[in-house]
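In this text, all values refer to a predicted model and were calculated from it rather than measured experimentally. Order of the sequence lines fixes the chain letters, A, B, ..., with proteins taken first and strands second; residue numbering starts at 1 for each chain.
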Amino acid sequence: MNIMSSPERTWKTIESGPHTYKEALHPVVINNYGKWKYHEIPRPGVLKHVGESGDTLFTVRAGTPRQDTVDMVRQLCDIADRYCDGHLRFTVRNNVEFLTPNGENVEPMIRDLEAMGFPVGGAGNCVSSVSHTQGWLHCDIPATDASGVVKSMMDTLYNEFKHMEMPNKVRLSTSCCSINCGGQADIAVVVKHTRPPRINHDHLSMICELPKAVARCPVAAIRPTVVNGKRSLMVDEAKCICCGACFGACPAMEINHPEHSKFAIWVGGKNSNARSKPSTMSIVAHNLPNNPPRWPEVTDAVGRILTAYKAGGRPWERVGEWINRIGWKRFFEETGLTFDEDMIDSYRHARTTFNQSAHVRF
Amino acid sequence: MNIMSSPERTWKTIESGPHTYKEALHPVVINNYGKWKYHEIPRPGVLKHVGESGDTLFTVRAGTPRQDTVDMVRQLCDIADRYCDGHLRFTVRNNVEFLTPNGENVEPMIRDLEAMGFPVGGAGNCVSSVSHTQGWLHCDIPATDASGVVKSMMDTLYNEFKHMEMPNKVRLSTSCCSINCGGQADIAVVVKHTRPPRINHDHLSMICELPKAVARCPVAAIRPTVVNGKRSLMVDEAKCICCGACFGACPAMEINHPEHSKFAIWVGGKNSNARSKPSTMSIVAHNLPNNPPRWPEVTDAVGRILTAYKAGGRPWERVGEWINRIGWKRFFEETGLTFDEDMIDSYRHARTTFNQSAHVRF
Amino acid sequence: MGIVINGTTIETDENGYLVNLEDWTEEIAGQLAEGEEIEMSDEHWSLVKFLRNYYDEYQIAPAVKVLTKAIAAEKGMDKKEASEFLYGLFPKGPALQACKVAGLPKPTGCV
Amino acid sequence: MGIVINGTTIETDENGYLVNLEDWTEEIAGQLAEGEEIEMSDEHWSLVKFLRNYYDEYQIAPAVKVLTKAIAAEKGMDKKEASEFLYGLFPKGPALQACKVAGLPKPTGCV
Amino acid sequence: MEENKGASACGSHGCSHSNGGCGEKFLNPTPMLDELEKGPWPSFVSGFKTLAERTKKPMLRGVMDQLEYSYNTKMGYWKGGLVTVDGYGAGVITRYSMIKDKIPEAAEFHTMRIQPPPGLHYNTAMLRELCDIWEEYGSGMLTLHGQTGDIMLQGIDEANVQECFDKLNEKGWDLGGAGAGMRTAVSCAGPARCEQACYDNLELHLHALRHFVGQLHRPEWNYKIKFKFSGCPNDCTNAIMRSDLAVIGTWKDAIQVDEVAVKEWIEEKGVDALVNQVINLCPTRAISLEDGGMKIDTRDCVRCMHCLNAMPKALSPGKERGISLLMGGKNTLKVGVNMGSLIIPFMKMETEEDREKFMELVEEIIDWWDDNGLDHERIGETIERVGLRQFLDGVGLDVDINQVSRPRDNPYFKAKY
Amino acid sequence: MEENKGASACGSHGCSHSNGGCGEKFLNPTPMLDELEKGPWPSFVSGFKTLAERTKKPMLRGVMDQLEYSYNTKMGYWKGGLVTVDGYGAGVITRYSMIKDKIPEAAEFHTMRIQPPPGLHYNTAMLRELCDIWEEYGSGMLTLHGQTGDIMLQGIDEANVQECFDKLNEKGWDLGGAGAGMRTAVSCAGPARCEQACYDNLELHLHALRHFVGQLHRPEWNYKIKFKFSGCPNDCTNAIMRSDLAVIGTWKDAIQVDEVAVKEWIEEKGVDALVNQVINLCPTRAISLEDGGMKIDTRDCVRCMHCLNAMPKALSPGKERGISLLMGGKNTLKVGVNMGSLIIPFMKMETEEDREKFMELVEEIIDWWDDNGLDHERIGETIERVGLRQFLDGVGLDVDINQVSRPRDNPYFKAKY
Ligand code: SRM
Ligand code: SRM
Ligand code: SRM
Ligand code: SF4
Ligand code: SF4
Ligand code: SF4
Ligand code: SF4
Ligand code: SF4
Ligand code: SF4
Ligand code: SF4
Ligand code: SF4
């Protein structure tokens, strides 16, 4: 549909959808499109792809902050123009990749990238970049700043990004509220509210559609009431499961709190179908404080998990598969984390998480 | 507590609970109690147990109808007196076992048992006796006669009881209503009602506690009503899931029907913790007619499942584990049974039975 | 079958329960108790009243558990003592004998 | 900020929505529409009425889906045509412009 | 004949004999049932016929007629009632016929549930005694055994129940459970014959059922409770699914390995078999191939039993043995079938004190359920409805990671603040 | 100073500069944020500072001040609103500050979501163009990429939105999705670089998002719908969890085996590794050890990808390739996290006709959800609530055993009679 409404507007919208991609592909890619034979990872951060034709293509991957600037992107373009005939791509995990058929370009490219502060790595059995979200920079409902958490974590995990010493790929994610826009991962750091919302009755009656907020609550904890002569809502705190869904529907349901919105750490998420079926994550730590600018308690916990996994995981085991083999009991022992009663599921389908077997660990 | 109430009664009850067992144990058993080292199955139906002491004990297992008579039991006692110093036991699966330390007693004992019509077998990788229930002989809510179904099935599976040609143990069960007192098994034949209860309003108002019947329904399909001036109940047939729970609470909720109470066949039940965790059964056939005295459609379906399992199962795979390896798709193909839309779960936790992966079979 | 009261036959089933619950009277209760060789005392009648009130309110007979707890509470007994007291009053059990005497429906599902 | 009607300033938020919903009048609606460079026709007013009635009944603004289906039903259009018709009336979308003109709360969660 | 329906008709073939057989036979014709005398598997019908012709008990003829009638009409005709013995509220399953006018000899057919010795171990003296008493007072039909674990003595008149019980009780037999109380238990063969047994399940069975004998005989709970005692995780009693309280033997330390026997196994079966039948079947990959042999990583072992089953001479359970308690097994009624879930990962179970301590724990558990459960709700249903955590809190049990297959995957709880 | 709160204060250190930096710097002091310039990982704070000092845009200073304020107070201060372009009901994420009185330079900070090329493949011309336009009309901050898949151009005034969009649109860029409509999609590198790709995900991505461009720009559904396109079951786009419609490449026939390369692998790594790293890790035991080598039983293979991943030279996907469609993935909101479930086991996906046919199917699916779904209910939630069978019936899809991990384990359905 073509739209033309503002009088002084001259451009007529073209609803084009995604940008076209063919002009973005390197000629060697075009020639081998759908005809690649195998790949190798000759060194950390470098992939070598071989086509059925015998053609080879090198991919050099580097970490970025995801929260970029036009300056930074232009720097990346400079690299691509210099070494890759102007071709590059980004990974789903916010790393940048430079593609070249010329093996001799790899080494100098790596040198230039590192000099610019872009670490080369993230491929194969290592800790890649952290999938993360907007936080205090932009979102309207965050309890923290995911980008800051990521910077803090990756500073401690820098070497694990640049080497391949893990049993398998390690995917991390960080999200600024319980919605978890960052996704399921081997290890995820996600905000967890611990206290029911405090209702701003003035705002509520002015700006919110009350029935919508009521309908959002999965446990029917929100009821209509009258406050200062105006229609409003109240929360049954005994029922509330601190999910924050009402906050998304109505900002007057203030669940964020500088002290009581904390962090939880989750492990074992896996989206791939390799070996085991995909799996959701399980909570392994919570009530960790929200401590900008370095969030030390969080990075410490993640570090302990990774240390144990690196030491005890077998080839090809993802974090969750390592845990399935060694058992949750030993996971908690080796990481120094503590299983507590809040970690016993009490939500829908909880029954299915009971250990319905005599499979036991000592 | 000691009770003495009937005036002409002279005996004072001793609430003794289970009968004592020590006098039932063979001296060789007593000497090796808790000190057995290993066992072998030297031939179908015969177990050889070796103690740490070097003692050996032979167990000869034979099938019984479970629905026994005093005559039959006395015959078994004759065998035990002749060959086992008066010691025998029954298995949890209604087979009889004779225990002797004398290897030379095994052969003649087998001959005598077979001559009496008790087949020797049921041990190791074979089809053992069918766990089953009382049916029309005694229960107040059956839609069939489990004992008749068992006799019919075992007549066709007789050789599988007497030989060890299956990939692993095969456990069968048969139950006369959806309650399934016979239990979860590799293959189970269980009544499945297909039509909601027809209410006998006269009986109901006279003999039933109406609120109890209402409370039994898992889907709130039963509501109070008034019929012929008396309090009664009605069933919302759209909601009713034909579970028959109301019939157990009140016989006026007549769910049994000569035509519409049919048979379903279930596979993959496993109680052991060996290899995989214990598993419940899945439905693989239903709407099979209730056809006494031989129930041919039922025995045919069971036969096809067993034939496919015998041919395709790998060592140590139980029926459910064989299916997990080959996939449900191939199971249905190889057995000639049909997966239909009723087999998609629609009850509690149904979500957890969706295939949440790209693991696919062709 | 039945029991005869003032020349009238009151219908009972094969366990001696009233077929028509509205037939109940204290006199009938006494006869039902006699049939069970039970000598009714104040304690017995108190229990019968409890049962009938409960049935009036809920249209079901109280589960033995409810009965036992009620007795335990009233008499300051623990559950075991209350159970023994109950079976002392009605040796073949509250379900079989007490509900019968009280004119309640015959309990099902006790298997 | 605000808009001025008969010398009175009616408070609006940074998107031009009424801060106090009770302030709404057809005159105010006209002014709000002007601010969006929308010329109100019968079709526009009809939609405004629909929105206000819906809000009165449910205390929420209709989801765009509800709105689109209502228009499709009334005018015998398919969903795509109804959507285009709706955006023809209010080019920046029913949420942004129609609800504003109708004096409904500013929708949230449209992200 | 139709006009004789007030008297006992000669079964389905319409013979006019009254209260009598057909010809010289005691029994009426039962053509449907006769079909089940054919074929090699032992026939319960043949057994019934033999017994009836020998003892000529009218109840047997009535039951056969009614069963034949059911086979023809595909409907059941028994109804419940209340028959018991003095001082007990359970143990006799009452059965009255709904068609006693049509088949008066089948008017009553009650069953007495009798608790057997643990492990179903018998000597011939016990069994002969049982048979003699049962032939005297009852039908002579019996089931060895009911699925819960009882000897079911099927077919007695109410008039004979008390005396029959007294005779049996005198010989050491007691009624089994029924109704909303403790049920009769089952044990596997246990240490009497099985090398895998990790505790004395026979002794614990006896101890437990004596402990709860009052609640077995006088039910007063929300619903039934069943115990089953398996000596090891092979769970030969199907405890995990068929009991509320599944007691399963296990061990804590390393599997005992006889290296010589391992080598012999591999020599006999081959390395391919070691990989395909043992290593590749360990559920937690605790076993690796190492230079053509097997290495078991004890810390990854979940005591599934498979490798011990596959190599009985070479592998045995560890030395540090005891029980796991799983709870909540039940069949399909209302909420669908549930396997039991692990509540107590390990308890020593060697001494009388161990057994007493376990009884105290079970009492606590049952009290919690008695206080929190709804009518006709199994303990597993209550735990699911109320929450595993609330159950553990209520009973005073420690939270243990082994109780769940995983910690929660949702953030939906209100933590302390 | 407190008395200057009407003007822009100099961040948290209380400097009295008004609408200006501190000293010669453009930016106000941000000591908390400064901490994040330390350490080896690239710093977004450094990037922001560099940009701000170079461009001296007040919005950048305001955003930095507000972010610093959030770091100190541990609270967020943005609120939503409605800003868009002509003809679109979505694509601009409106952000107004809740504390514009305190930090007026951060009063507005809207984001424009821009759809990238499928597979996130770029040439430098495209990116430089994008950067130039964004520096001209917006803040110069951008995210490559948002988790759903958009280029997020963060920070623009409402006044500039239309013109900025027009300039971008002119160069081939279009707004991405938001609200209750189709969302921007993600593809993995696909056949452009990956030997595992089983269909042309880049082309299908382009095709699908063009097909739904109207519903992406003018949302009118119950809630959002996301597509993600992975070339194989490694699912490098996390499609199964992060999309309502997960399109995953697969194959139907046998894995292609290069026997020579298999031998080389075994020679290099050893038989122990073959057993422990490949055979023992196949989820359905499709691979056996046979005379020191591997045998893959195709019929037991579930296309998990593991053996292909472990032996990339030796093993490749089969020749008969296409897609599986999984549906219902979502994160934790309300019902807890759900992985998608398999709805279409296999569809050929090679030609334009194949893609059209797939679009028709998706239209049917979305119509069903539009008709049956509740407000704010994801399609996966609707399928669970209404029932998988009712969904399949409603959409006209065939029942297929691959749609479930098992048939039901309860008898609780009313069958035809
Ligand atoms: C570039 C990228 C796709 C893209 O278009 O952006 C990609 C590319 C490749 N992936 Fe991936 N994967 C990429 C994200 C993912 C993700 C999603 C994510 O990162 O959140 C997953 C799912 C993770 C999960 O399970 O939650 C993913 C699961 C895999 C797997 C399965 C791993 C497993 O065993 O579970 C493989 C197989 C392997 O490791 O050989 C794989 C294999 C590969 C191969 C080797 C495919 C090939 O033959 O070329 C590619 C190089 C891998 C490497 O870097 O080690 N890729 N891969 C993504 C790079 C992310 C990054 O920057 O680090
Ligand atoms: C006698 C009996 C116990 C009893 O006290 O009655 C028994 C005895 C033995 N069982 Fe069992 N099991 C007996 C019922 C069971 C049951 C319950 C049932 O039949 O319903 C199970 C659980 C079945 C299930 O999973 O639903 C059972 C699961 C096992 C297993 C695990 C099989 C598996 O791989 O899943 C083994 C291990 C094995 O096969 O070596 C086992 C092993 C054994 C051994 C070899 C134990 C030993 O070392 O002596 C015994 C002889 C087995 C044989 O007959 O092949 N026994 N065993 C039961 C004989 C039943 C019968 O008459 O056929
Ligand atoms: C006799 C027996 C079947 C048999 O032929 O062996 C039996 C028969 C009856 N069962 Fe059962 N169940 C018998 C073992 C079982 C088992 C297996 C077990 O205990 O190992 C189960 C599955 C395990 C469990 O408890 O769930 C079982 C699950 C049920 C249920 C469903 C319970 C549930 O929560 O799902 C009921 C329904 C009820 O309790 O109201 C039930 C109810 C009944 C009733 C009382 C139904 C009724 O309305 O009368 C049946 C009485 C038949 C009769 O005339 O005696 N029966 N029942 C078994 C008891 C014999 C004995 O004491 O040894
Ligand atoms: S995780 Fe929550 S706070 Fe963070 S971007 Fe997503 S919705 Fe916003
Ligand atoms: S936080 Fe969640 S559970 Fe609590 S009131 Fe809000 S919507 Fe309901
Ligand atoms: S399965 Fe049903 S009909 Fe059969 S004995 Fe059990 S309760 Fe009775
Ligand atoms: S059969 Fe089951 S679902 Fe139907 S009315 Fe009876 S209790 Fe309810
Ligand atoms: S459960 Fe274990 S101990 Fe008991 S008979 Fe079976 S294998 Fe032996
Ligand atoms: S008992 Fe089971 S889990 Fe343990 S090592 Fe053996 S096969 Fe593995
Ligand atoms: S999903 Fe498959 S095709 Fe796509 S990049 Fe990953 S491995 Fe390659
Ligand atoms: S792709 Fe996966 S399932 Fe198929 S053979 Fe390879 S490892 Fe096994």
Asker: In terms of heavy-atom pairs under 4.5 Å with chain A, which of P283(F), A125(F), P42(F) leads?
Answerer: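 Highest number of pairs under 4.5 Å: P42(F).
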
Asker: Counting distance only, does the side-chain N/O of R89(A) pair as donor-acceptor with the main-chain N or O of G119(F) below 3.5 Å?
Answerer: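 It does hold such a pair.
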
Asker: Checking T59(A) against chain F: side chain, backbone, both or neither under 4.5 Å from a heavy atom?
Answerer: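 Contact with chain F involves the side chain of T59(A) alone.
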
Asker: Start with the C-alpha gap between E195(F) and H39(A), add the side-chain angles, then the distance that decides, and say whether side chain to side chain donor-acceptor pair (under 3.5 Å) holds.
Answerer: CA-CA 8 Å; E195(F) 72 272 14; H39(A) 80 282; 2.6 Å; yes

Asker: Do you know which of A143(A), C181(A), S147(A), G63(A) has the most heavy-atom pairs under 4.5 Å to chain F?
Answerer: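 Top count of heavy-atom pairs under 4.5 Å with chain F: S147(A).
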
Asker: Taking every heavy-atom pair that is under 4.5 Å apart, which of M141(F), H145(F), K79(F), R210(F) has the most such pairs with chain A?
Answerer: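 Among the listed options, the one with the most contacts to chain A is H145(F).
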
Asker: With under 30° as parallel and over 60° as perpendicular, where do the rings of W173(F) and H19(A) fit, or are they tilted in between?
Answerer: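 The rings of W173(F) and H19(A) sit tilted, inter-plane angle from 30° to 60°.
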
Asker: Closer than 4.0 angstrom, basic N to acidic O: yes or no for R216(A) and D375(F)?
Answerer: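 Not counted as a salt bridge, because no side-chain N and carboxylate O are separated by less than 4.0 Å.
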
Asker: Do NZ/NE/NH1/NH2 and the carboxylate oxygens of D71(A) and R54(F) come within less than 4.0 Å?
Answerer: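 Salt bridge: yes.
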
Asker: Select one option (side chain, backbone, both, neither) describing which atoms of Y33(A) are under 4.5 Å from chain F's heavy atoms.
Answerer: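 Answer is both: backbone and side chain atoms of Y33(A) are under 4.5 Å from chain F.
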
Asker: Less than 4.5 Å to any heavy atom of chain F: does that hold for the side chain of N94(A), its backbone, both, or neither?
Answerer: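 N94(A) touches chain F through backbone and side-chain heavy atoms alike.
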
Asker: One thing to verify: whether E135(F) and R74(A) come together as a salt bridge, which I'm taking to mean a side-chain N less than 4.0 angstrom from a carboxylate O.
Answerer: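 Looking at R74(A) and E135(F), the cut-off is met.
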
Asker: Between A273(F) and chain A, which part of the residue has a heavy atom less than 4.5 Å away: side chain, backbone, both or neither?
Answerer: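 For A273(F), there is no contact with chain A at all, as no heavy atom is under 4.5 Å.
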
Asker: Heavy-atom pairs under 4.5 Å with chain A are the metric here; pick the option from V45(F), L144(F), T55(F), V85(F) that has the most.
Answerer: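 Result: the option with the highest number of such pairs is L144(F).
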
Asker: Under the criterion side chain to side chain donor-acceptor pair (under 3.5 Å), I'd like the reasoning laid out for Q147(F) against S131(A): C-alpha separation, chi angles, the key distance, then a yes or no.
Answerer: CA-CA 7 Å; Q147(F) 295 301 335; S131(A) 164; 3.0 Å; yes

Asker: Of the backbone (N, CA, C, O) and the side chain (C-beta and beyond), which part of E52(A) lies under 4.5 Å from a heavy atom of chain F, both, or neither?
Answerer: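 E52(A) has no heavy atom closer than 4.5 Å to chain F.
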
Asker: Is it true that W136(A) and Y69(F) have ring centroids separated by less than 6.0 Å?
Answerer: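 No, too far apart.
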
Asker: Check this for me, if you would: do K22(A) and E203(F) make a salt bridge, where the nitrogen-to-carboxylate-oxygen distance has to be below 4.0 angstrom?
Answerer: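 Salt bridge flag = yes for E203(F) with K22(A).
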
Asker: Could you tell me which portion of T144(A) (side chain, backbone, both or neither) has an atom closer than 4.5 angstrom to a non-hydrogen atom of chain F?
Answerer: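 Neither part.
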
Asker: I'd like to know whether the aromatic ring centres of W295(A) and Y71(F) sit less than 6.0 Å apart in this structure.
Answerer: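 Yes.
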
Asker: Any Lys/Arg nitrogen of K74(F) or E259(A) sitting under 4.0 Å from an Asp/Glu carboxylate oxygen of the other?
Answerer: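 Answer for the salt bridge query: no.
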
Asker: Below 4.5 Å from any heavy atom of chain F, which atoms of A215(A) appear? Answer side chain, backbone, both or neither.
Answerer: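 Answer is backbone: N, CA, C or O of A215(A) sit under 4.5 Å from chain F.
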
Asker: Give, as side chain, backbone, both or neither, the part of F90(A) having an atom under 4.5 angstrom from any heavy atom of chain F.
Answerer: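 Both backbone and side chain.
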
Asker: So does R193(F) pair up with E97(A), basic N to acidic O under 4.0 Å?
Answerer: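 Judged by the 4.0 Å cut-off on N to carboxylate O distance, R193(F) and E97(A) do form a salt bridge.
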
Asker: On a heavy-atom basis, which atom in F44(F) and which in D145(A) lie closest, and how many Å separate them?
Answerer: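 Closest approach of F44(F) to D145(A): CZ-OD2, 3.7 Å.
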
Asker: Do any N or O atoms from the side chain of D174(F) and from the backbone of G17(A) form a donor-acceptor pair under 3.5 angstrom?
Answerer: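 Pair found, side chain donor or acceptor close to backbone of G17(A).
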
Asker: Heavy atoms only: give me the nearest D81(A)-T124(F) pair and the separation to one decimal.
Answerer: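 Distance-wise, the nearest heavy atoms are OD1-OG1, 2.6 Å.
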
